[in-house]
2 protein chains.
Amino acid sequence: MVTITDVAREAGVSRATVSYVLSGKRMISEPVSRRVREAVTSLGYTPNAGARALATSQTKVLALMARFLSDEFAPAMLEFIRAVTDAARELGYDTLLVSDENAAEALRRVAASRMVDGIVLLNVGETDDRLPILGRIDQPSALIGLPANPEGSIVFDLDFRSAGRLMVNHLRAYDHREVILVSQPRDVVDRGGAYVWRLAAGAEETADQLDMILHHHHAAASQPDVGRRLHELLDQHPDATAILLNNEAAAAALPFVLRERGLRAPDDVSVIGRYSDDFARAFSLPYTAVDSAAAELGRRAVARLIAAIEDGLPGDALQLLPPVLTDRGSVARPASR
Amino acid sequence: MVTITDVAREAGVSRATVSYVLSGKRMISEPVSRRVREAVTSLGYTPNAGARALATSQTKVLALMARFLSDEFAPAMLEFIRAVTDAARELGYDTLLVSDENAAEALRRVAASRMVDGIVLLNVGETDDRLPILGRIDQPSALIGLPANPEGSIVFDLDFRSAGRLMVNHLRAYDHREVILVSQPRDVVDRGGAYVWRLAAGAEETADQLDMILHHHHAAASQPDVGRRLHELLDQHPDATAILLNNEAAAAALPFVLRERGLRAPDDVSVIGRYSDDFARAFSLPYTAVDSAAAELGRRAVARLIAAIEDGLPGDALQLLPPVLTDRGSVARPASR
DNA sequence: CTGAAAGCGCTTACAG
DNA sequence: CTGAAAGCGCTTACAG
């Protein structure tokens, strides 16, 4: 293993000089600098990360705390993972992926051992058991998802309430008056998935204002249950002219269900969803939807987290991204009956 | 930040003693040991990972080199990521998720800086540009996927050739004589995705022996292209009585396509696939399939890698897991025509 | 059964 | 413009 001492010897300078040439934190004369750089390449030197971390108290690593829950839709999670790792790498950080069963303890362990300079929490819920740990660790953190009390934290999330309003307004613009809203499973809400009721609240609020009927239901997040559930709901509300989906699994299943009933969107029923463009592409979903903005949320959360790490920006920021509707033409005026 | 010196002072012992109490590498008298453990808890001490890595040359971190390719099906990748991180954690290792565009350089960087003790390469292809780097780094590595020359590497993969044989034999047992095989896109093969032709070779071999007709085709890995392609293939081979899928996107799309054509499996056409049980569940796929065994492959690769790290086991092992068929009843005797 | 000391490979004030 | 030296927080032979 080649160390900075080897490089110093080869270049005929001190270790300090090698370090300064590499970091650029001090002016080094061109001839010396060149000798050092040559020695670095000829020996194939790369600084030892552990030693550097010890000397600088900086690891250049972020922790990504993911949770894989059986009742949430895994592919959606992957988009966030990619968004965070890519954004981190772009800013010079590597990513430690942590998904221990016991998330709170894992968070404590990773932070206390100083393996990372900062932490990104994915899938944060209202009452998240990882949150209390955050106050006891030295590193800054950024949350994706809205906790009950976001004060004192860096928080990024989609503005789900606005999303609910936007979607119902869109339906109303096409004269829909009775709508089925299919949310994530109850478990997700109980566990603190506030986005479910935030979207629902926005939708209900607007529905009330516009004098529309909104049937709010939950559905499983796995097949085939979710498909059966969709059939049930359609049976239960024969006069509904539109479906609003806040459940990825339901969105993936709906094309099957409609086909089984011989229905087409938007001719027979209008459909509007909330999921990412990537997701839409992978599953061939032809529905108008509010993008869940994984890439954007990941990028912003990481950038803000790194600002807190490097520039000591205050660890306090709440940003709810305004929802963006991608119109795929699956909402149209209901057929007169 | 609390260090080993603080603990030593609090307990009235030397730093060495604290270290030995924690590691258990030396007998320490009960009273001393207890004082140390009390100090550790009361101060909330956790060893600094960087310092420990520097002293021991062990980071207790594995690198997971993933590649997210637009023409492969992302959800399938997530299963491998989960399998590897879970297995690593169980054995006391954290996981650095690396997915840089320039994978070879990232591999070199992560290894040379000694951020990790070992490396897991995901999605290894025949001629993988990460492979040449492996010879130049000090850490052992484990590959998931079969390279052209597996000698000198720790390699785990599904035995795709056997899988091809198994699937065709299964079809033959139900009297099918003309079969469509839908493989991953050509790009995947060109890039070195040997598993595509390995499965195809096994299938063709068995088909020849049993005097069956096998139409081998490639299909896109994204919607809606793959759906259109399936329609094409069914039009092209009206006498085929079974479909064999080695393409996750095609598997996810097939139920739509069959429905659009008014066909049912296995009444009108038999279907057999290659994908994981998780995948089948998430997408509600009702087809008999060979499990892609992500969890098992991840677990074995990590266990073997850690054995190489900790016990210095030779970095040379090739293991092709025998395929396992999950019978979901989507293969039946073809209707007589 | 325990401690003093060297060493892991870096960075960075302090001197010159 | 450059170097000698201290220090980051651990572990582990070496002594006793």
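Just so it is clear: chains get the letters A, B, ... in the order the sequence lines come, proteins before strands, and each one is counted from 1. Quick note: numbers below take in every heavy atom, side chains included, and nothing from hydrogens, waters or symmetry partners.
Note on S19(B): a base of the nucleic acid sits closer than 4.0 angstrom, heavy atoms only.
Qualifying side-chain contact (heavy atoms from CB on, under 4.5 Å) partners for A49(B), counting only residues two or more places apart in sequence or in other chains: S113(A), M115(A). Listed by chain and number, the residues in a salt bridge (charged side-chain N to carboxylate O under 4.0 Å, His left out) with R300(A) are E296(A) (sequence neighbours excluded). In terms of the salt bridge (charged side-chain N to carboxylate O under 4.0 Å, His left out) criterion, residue partners of D138(B) (sequence neighbours excluded) are, by chain and number, R114(B). R35(A) is linked by a salt bridge (charged side-chain N to carboxylate O under 4.0 Å, His left out) to nothing, counting only residues two or more places apart in sequence or in another chain. Taking E30(A) as the reference, R37(A) meet the salt bridge (charged side-chain N to carboxylate O under 4.0 Å, His left out) condition, with sequence neighbours excluded. T46(B) is linked by a side-chain hydrogen bond (donor to acceptor under 3.5 Å, both in side chains) to R108(A), counting only residues two or more places apart in sequence or in another chain.
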Might you list the N or O atoms of the protein lying below 3.5 Å from N or O atoms in nucleotides 7-9 of chain D, with each pair's distance?
unit_1 : atom_1 : unit_2 : atom_2 : d
dG9(D) : N2     : A51(B) : O      : 3.3

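Look at D94(B) and R109(A) and you find a salt bridge, because one of the NZ, NE, NH1 or NH2 atoms lies within 4.0 Å of a carboxylate O, short of that distance.
Within 6.0 Å of the CD atom in E38(A), the count of heavy atoms belonging to other residues, nucleotides or ligands exceeds 12.
Using a 4.0 Å cutoff on non-hydrogen atoms, the parts of residues 20-39 of chain B near DNA chain C are R26(B), M27(B), I28(B), S29(B), V32(B), ordered by number. Within residues 105-115 of chain B, no residue approaches DNA chain D, by heavy-atom distance under 4.0 Å.
Of the possible donor and acceptor atoms, none in the side chain of D311(A) sits under 3.5 Å from a partner among the backbone N and O of A308(A). In this structure, Q139(B) contributes its side chain and D117(B) its backbone to no donor-acceptor pair below 3.5 Å.
Distance K60(B) NZ to dT11(D) P: 13 Å, rounded to the nearest Å.
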> Given the rule in the salt bridge (Lys or Arg N to Asp or Glu O under 4.0 Å) test, do R67(A) and D128(A) qualify, once you have shown the distances and angles that lead to the verdict?
Replying inline: CA-CA 11 Å; R67(A) 40 181 22 155; D128(A) 195 302; 3.3 Å; yes
Please output the side-chain donor-acceptor pairs of residues 142-158 of chain B that fall under 3.5 Å, not counting sequence neighbours, one pair per line with the distance.
unit_1  : atom_1 : unit_2  : atom_2 : d
N149(B) : OD1    : E151(B) : N      : 3.1
D157(B) : OD2    : L146(B) : N      : 3.2
D157(B) : OD2    : R198(B) : NH2    : 2.4

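DNA chain D forms stems at C:1-3 with D:14-16, C:5-12 with D:5-12, C:14-16 with D:1-3, each a run of 3 or more consecutive Watson-Crick or G-U wobble pairs whose two key distances fall under 3.5 Å.
Applying the salt bridge (charged side-chain N to carboxylate O under 4.0 Å, His left out) test to pairs two or more places apart or on separate chains, none has a residue in residues 42-58 of chain B.
Proximity of S14(B) to the phosphate of dA4(C): no side-chain N or O atom is located under 4.0 Å from OP1 or OP2.
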